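In what follows, a structure is listed as structure tokens, so that the remarks can point back to it.
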2 protein chains.
Amino acid sequence: MDAKGLRAGGRGGRSGGVAGEVWLRAEKPRRDTLTRDRITVAAIELLDAHGTAHLTMRKLAERLEVAPPTLYWHVKTKDDVLDLAVDAVFSEVEIPSRTDDWAQDARTLVLRWRATMLCHPWSPALIGRPMLGPNVLARTEFLQSTLARGGRTGPSLAAATHGLANLTIGAALTESTWHGQLPRSSAHELIQANADRYPTLAANHHLDAPDQDALFDQAVRTFLAGLGQDISRC
Amino acid sequence: MDAKGLRAGGRGGRSGGVAGEVWLRAEKPRRDTLTRDRITVAAIELLDAHGTAHLTMRKLAERLEVAPPTLYWHVKTKDDVLDLAVDAVFSEVEIPSRTDDWAQDARTLVLRWRATMLCHPWSPALIGRPMLGPNVLARTEFLQSTLARGGRTGPSLAAATHGLANLTIGAALTESTWHGQLPRSSAHELIQANADRYPTLAANHHLDAPDQDALFDQAVRTFLAGLGQDISRC
DNA sequence: GTGCCTCCTCGAACGTTGGTCGAGTGTTCG
DNA sequence: CGAACACTCGACCAACGTTCGAGGAGGCAC
């Protein structure tokens with residue numbers, strides 16, 4: 001709000017201005033023009049800080065020191081912003097270098113994939129929208145080509161790719177739920193209070209907390225083990 | 001809107017009213033009072049019909065022939081409604097009867113689980129909230145106890161349970177995305193147009209469409225096969 | 001009957017949200 | 001110089017989730 005006056009007039013080019021105006025510009029060096037990238041970055045920062053519910057176009061505009069309608073020149077809707085943010089997150093997933101062990105490569109990718117999503121706990125819940133961003137596609141391409149190296153083709157390849165990706169997404173989604181939410185103690189209490197209805201859950205719930213990372217890794221290994229098995233019997 | 005006048009005064013008891021009022025009551029026989037269950041049912045109907053974005057407290061109230069604030073006596077927030085709706089959906093997942101084959105039982109459950117979620121395509125995206133409803137817990141209890149029959153305990157059991165559940169949730173989430181969204185032809189076009197960047201994806205994308213059910217079933221079988229394998233080597 | 005209490009409902013309104021419109025700015029190019 | 005372009009913003013809108021306080025209906029004690 002306090003920068004409105006300064007901002008008026010775009011980046012205030014080199015056409016002769018009022019004496020002393022240079023200093024004002026120096027203090028507030030309007031960083032170029034707005035871009036999709038800058039919007040995306042700011043959106044991710046806000047999402048990381050306060051979660052999905054608190055991301056509004058106004059707060060986004062405020063952070064970018066712009067009036068709200070300005071955003072709509074670069075982006076069509078708020079959903080566009082979310083799509084951009086989700087895809088940008090995937091760019092943080094480093095694509096592994098290929099080794100001789102395709103299964104290991106696939107495992108490395110999905111482990112990093114999940115870890116990245118957990119760094120941005122709001123991201124898994126936003127996957128209920130078309131994942132067609134270049135970064136998402138690049139990771140999917142790597143995963144599928146890696147599994148293809150294992151000798152799979154056709155429906156078998158598709159099933160393996162989707163299975164591994166869905167396992168990862170599901171894990172990130174459920175785990176990110178607990179992270180941001182009420183303490184897991186309340187879940188524990190609820191289950192223990194109804195131990196008669198959920199005996200197995202109650203008996204094993206204390207074991208959940210320790211190491212979610214290891215649990216996911218184990219699930220991935222299980223899936224990959226299953227892949228190794230059924231390829232040999234086909 | 002047209003029933004406002006009729007509705008005034010609750011269910012219009014038997015205290016003597018204006019002549020002819022009986023007929024009005026007969027035409028609009030106020031079905032009892034509002035309940036959480038009725039709210040939940042109506043919410044699911046609206047969600048099924050128009051998706052998450054179009055569910056508003058006002059439309060929900062309108063469907064129930066009630067004024068919007070009335071809902072807030074039975075429910076604290078809109079999120080409550082969503083939680084109730086999600087859990088209610090899980091009640092539609094019929095718990096399989098136990099057979100001798102625990103793997104088969106688990107497979108049956110998750111197949112039904114996914115199918116139910118796809119019947120309500122809005123539901124997977126709402127899992128980014130605590131799943132502590134009784135119906136969800138009952139299904140999880142069945143899944144965990146079934147896998148426990150396979151001889152698993154401790155972290156191994158937890159990994160298997162989460163893995164299978166996450167695979168199912170992820171599958172439902174990604175698949176429901178495509179269902180309600182723009183035709184998959186646009187995804188196909190995008191991939192084919194960038195076939196140089198995504199060679200494997202482009203080569204195999206035409207195979208995706210045929211039978212998603214079979215693909216998921218295959219992924220589940222793969223996971224279960226992996227379970228059978230690593231239990232024997234531990 | 002009378003008074004009271006709880007359950008349930010609603011009219012009015014508040015603050016905020018995503019989004020639109022048209023006018024205005026500086027810059028660029030012919 | 002003038003027109004076209006890229007970009008920004010003030011004013012405004014309908015719709016949303018939610019709150020508040022008023023008030024009717026039914027049941028209970030007396």
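Remember, predicted model here, so these are calculated numbers, not experimental data. In what follows, every chain begins at residue 1, and chains take the letters A, B, ... in the order their sequences are listed.
Each of V89(B), D79(B), L82(B) was compared with L126(B) under the side-chain contact (heavy atoms from CB on, under 4.5 Å) criterion, and only L82(B) meets it. N166(A) pairs with exactly one of T174(B), I169(B), L215(B) by the side-chain contact (heavy atoms from CB on, under 4.5 Å) rule, that one being T174(B).
Ion pairing between a basic and an acidic side chain is recognised when a charged N comes within 4.0 Å of a carboxylate O; R197(B) and E141(A) show no such pairing. Under a 4.0 Å N-O distance rule, the pair R112(B)/E92(B) does not qualify as a salt bridge. With respect to the salt-bridge test (charged N to carboxylate O, under 4.0 angstrom), the residues R114(A) and D213(A) qualify.
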Next on the checklist: Could you walk me through whether I127(B) and M117(B) satisfy the side-chain contact (heavy atoms from CB on, under 4.5 Å) test, starting with their C-alpha distance in whole Å, then the side-chain angles of each, then the deciding distance to 0.1 Å, before giving a yes or no?
Outcome noted: CA-CA 11 Å; I127(B) 293 200; M117(B) 293 182 97; 3.1 Å; yes

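Distance, W73(B) CH2 to dG24(D) C1': 15 Å, rounded to whole Å. Across the protein-nucleic acid pair, L60(A) atom CG and dG18(C) atom P stand 10 Å apart, rounded to whole Å. We find that CZ of R36(A) is positioned 15 Å from C1' of dC7(D), with the value rounded to whole Å.
Proximity of a side-chain donor or acceptor of T177(A) to a complementary backbone N or O of L173(A) within less than 3.5 Å is detected.
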Extract from the structure each pairing of a protein N or O with an N or O of nucleotides 16-18 of chain D at less than 3.5 Å, listing the distance.
residue	atom	partner	partner atom	Å
dG17(D)	OP1	K78(B)	NZ	2.8
dG17(D)	OP2	M57(B)	N	2.8
dG17(D)	N7	R58(B)	NH2	2.6
dG17(D)	O6	R58(B)	NH2	2.6
dT18(D)	OP2	Y72(B)	OH	2.9
dT18(D)	OP2	K78(B)	N	2.7

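Listed in residue order, the members of residues 39-47 of chain B having a heavy atom less than 4.0 Å from DNA chain C come to none.
Side chains of T200(B) and Q144(A): a donor-acceptor N/O pair is absent below 3.5 angstrom, by distance only.
At dC8(C), none of the side-chain N or O atoms of T70(B) fall inside 4.0 Å of OP1 or OP2 (strictly under the cut-off). Contact between the side-chain N/O atoms of H74(B) and the OP1/OP2 oxygens of dT9(C) is found at a separation under 4.0 Å.
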